[in-house]
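Structure record follows, encoded as structure tokens.
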Amino acid sequence: MSNVISFKDVSLNFGGVQALKNISFDIQENSLFAIIGPNGAGKTSILNCINGIYKPTNGSIEIFGEDTSNLEPDEIANAGVSRTFQNIELFENMTALDNILIGAHRHINYGPVQGLFFSKKARNEEEKARKISEDVIDFLEIEEYRYSYIISLPYGIQKRIELGRALAMQPKVILLDEPAAGMNNEETEDIARFILDIHEELGITVILIDHDMNMVMDIATEVVAMDFGEKLFQGLPEDAAKDQKVIDAYLGVSG
Amino acid sequence: MKNRPNLFTDYRKESSIFPNNTQKFWFAVLILVSCTFPFFLSSYWKLLVTTSLLTAIACWGLNIVSGLAGQINLAHGVFVGIGTYVSAIIGGVATSSVIGYELDMIIWLPLSGLAAAFVGILISPVSARLKGLNLGLVTLALVFIGSHFFSNLKFITGGAGLGRKAASLKFLGQDLEAGLQIGNVLLEKNDIIYYFSLFLCIVMGLGVKNLTRSKIGRAFSAIRDRDIAAEALGINLFKFKMYAFALASFYAGIAGSLLFTIAGGVEPGTFNLLYSIIFIAIVIIGGAGTVLGPLYGAFFFTTLPGIIQAVLHATGLSDTGFFLNAGEIERIVFGFFIIFFLIFEPRGLWGIWFRLRNYFKAWPFSY
Ligand SMILES: Nc1ncnc2c1ncn2[C@@H]1O[C@H](COP(=O)(O)OP(=O)(O)OP(=O)(O)O)[C@@H](O)[C@H]1O
Ligand SMILES: [Mg+2]
């Protein structure tokens, strides 16, 4: 199996804060790769480095074997990497459908002049994007919210629509930053089921951040545990639960 | 195969400009009625309505870059000026002090839009680097640079205080300066400008509508609302900000090419900071980010002097030496409306129209 993403000795500093300290790992194609760790461990920083919002202070990141240090976030996205955000970053003043259509942006191919005239090409491309979006809507079972403005939707549904927006990119890799945060048990189960479907049915490599060990234990194929910007552990989920350093990090937080 | 009861397939109808035939009908009626205006409006009102139509085009442009794409632009009037002078050079009369080639409108109309768009593209990289107020400051600088050029390039503009003639009207070889005789109807020059303006206003208004239902408009709104998320979704900020400035300036240039042909002449001092600010005010009053808002705003602003004069006249106040003159009242009313809309109705006149419409929709038997 080939590597989809490789971190090579990546460090990330913000002034005096070291968000990531010499992190190295490889993420294999078709894995469901979980990143766990307490607050401020550097989990979100890893995702931000992958999709180019942050640039590592040291070290390098390869995506599909290509060094990304000179790539902009939109170029990385167009290479097939999509994501959701820890604090929902939907376009609140638009409908769920428009949000998902924006997710399909990279599949729509026409320029501003054709947009101005809504030419036949534009019409066909829009129709294609709409089909992609409707497939996502169907997949996530959000038909009834299609025309709802994001502002008017409950938190759990918003999270699902953000997932839909990321899926409409038809990515090869999807980065999920705490998709189950703030959800009740039933909603968490729904999300876990969708993540498994994304991984197995759609064959997308999933990189998943979660605080909650339980969900990770159930669905992940590989786990990295972070604490204070350092990698504590990498391996199978069941081994993570037994690892003393991981247990300490979690106890350190709750205790 | 899963059962998909809610699968939706009629995409095309949903994204059409007019969702039903009633709307198509009223749009057609509106256009037909508009075509009869020159036959019963006074020349003063013809002037106001034509100016409204062209102002609407310019405001649509500003609405694309500021309302849709969220980029502050204090220099929109400069792009109108570029359109004006490109048309004046190509289509205007040469004198001992200014150049002019008296070419056909079919050449100068698109070129004034394209020239303005070109300058818009040149400054768009700045907006990719700067955001918010900083971008505002750079465009402010552009107003002063523009003013400097406009008043000093005397061979083009005639110089401050003097000005020059605007482009003259020749279309497809037909000289229209003296009007056009069709059968026993004589269309005056300003009637012809009115029809050109009406046509452009319809076409370019539909263009804005098309943008909002296209990938381009969605990308603009995405950049306006959350640029980091937009980028993470594969939207190239640099490219789309460039599109926004290019389209906005194109609209400004087209409007500018015709705006001064009605009065016949243009003075370079016209394109000062206030001129640009007025476009912003109109977009705010009309409803930023909406399709019809700039049209409402442009008509409201441009016809306001005419309405105030009519009111003063009807109430007899104009003769009795009311303590404010028409110009002062106009400024007070306009200033009041800006404040009112900023505070109470951010969606502008369009927002009020939208609420009224929903009110009547809910009314029993309204259909
Ligand atoms: N843009 C930034 N500027 C300054 N410091 C930052 C920035 N982003 C992250 N940090 C710091 O880097 C460290 C790691 O943050 P990060 O968001 O990656 O943690 P996390 O593991 O996602 O935590 P949480 O579970 O709370 O989401 C924290 O100390 C944080 O304060
Ligand atoms: Mg985080």
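From a predicted model like this one, the values you see are computed outputs, not experimental measurements. Note on naming: letters A, B, ... go to the chains in the order of the sequence lines (proteins, then strands), and numbering restarts at 1 for each one.
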Checklist entry - Quick one: what part of E75(A) sits under 4.5 Å from any heavy atom of chain B, side chain, backbone, both or neither? => result neither
Next on the checklist: So for atom CZ, which belongs to F199(B), do other residues, nucleotides or ligands contribute more than 12 heavy atoms lying within a distance under 6.0 Å?
Outcome noted: no
Item to check | Heavy-atom pair with the smallest gap, counting every atom of N109(A) and E125(A) | outcome: N-OE1, 2.6 Å
Checklist entry - Which residue out of Q114(A), H105(A), M94(A), K131(A) racks up the most heavy-atom pairs below 4.5 Å with chain B? => result H105(A)
Next on the checklist: For the interface with chain B, which of R83(A), E72(A), E92(A) has the highest count of heavy-atom pairs at distances below 4.5 Å?
Outcome noted: E92(A)
Item to check | Closest contact, heavy atoms only, I17(B) versus K209(B) | outcome: CG2-CG, 3.9 Å
Next on the checklist: Is the positively charged end of R218(B) above the ring of F91(A), judged by distance under 6.0 angstrom from the centroid and angle within 45° of the axis?
Outcome noted: no
Next on the checklist: What part of I137(A) gets within 4.5 angstrom of chain B, counting heavy atoms only: side chain, backbone, both, or neither?
Outcome noted: neither
Checklist outcome for this item: When the 4.5 angstrom heavy-atom criterion is applied to I108(A) and chain B, the contacting part is both
Checklist entry - Can you say whether N51(A) sits under 4.5 Å from chain B via the side chain, the backbone, both, or neither, judging by heavy atoms? => result side chain
Checklist outcome for this item: If you tally heavy-atom pairs under 4.5 Å between each of G52(A), S82(A), P73(A) and chain B, the highest tally belongs to P73(A)
Checklist entry - Looking at F194(A), does the NZ or CZ of R160(A) lie under 6.0 angstrom from its six-membered ring centre and within 45 degrees of the ring axis? => result no
Checklist outcome for this item: Tightest non-hydrogen contact, residues I50(A) and I61(A), listed as N-CD1, 4.4 Å
Checklist outcome for this item: Assert top hit (heavy-atom pairs under 4.5 Å, partner chain A, pool N236(B), D225(B), L247(B)) equals N236(B)
Item to check | Contacting region of E89(A) [heavy-atom separation from chain B under 4.5 Å] | outcome: both
Checklist outcome for this item: Whatever's closer than 4.5 Å to a heavy atom in chain B on L97(A) counts as side chain
Item to check | Heavy-atom pair count under 4.5 Å with chain A, highest-scoring of G217(B), S221(B), A246(B), A219(B) | outcome: S221(B)
Item to check | For the student: nearest non-hydrogen atoms of K172(A) and I204(A), plus distance | outcome: O-CG2, 3.5 Å
Item to check | chain B contact via F85(A) - side chain, backbone, both or neither, heavy atoms under 4.5 Å | outcome: side chain
Checklist entry - Taking every heavy-atom pair that is under 4.5 Å apart, which of V113(A), L90(A), V81(A) has the most such pairs with chain B? => result L90(A)
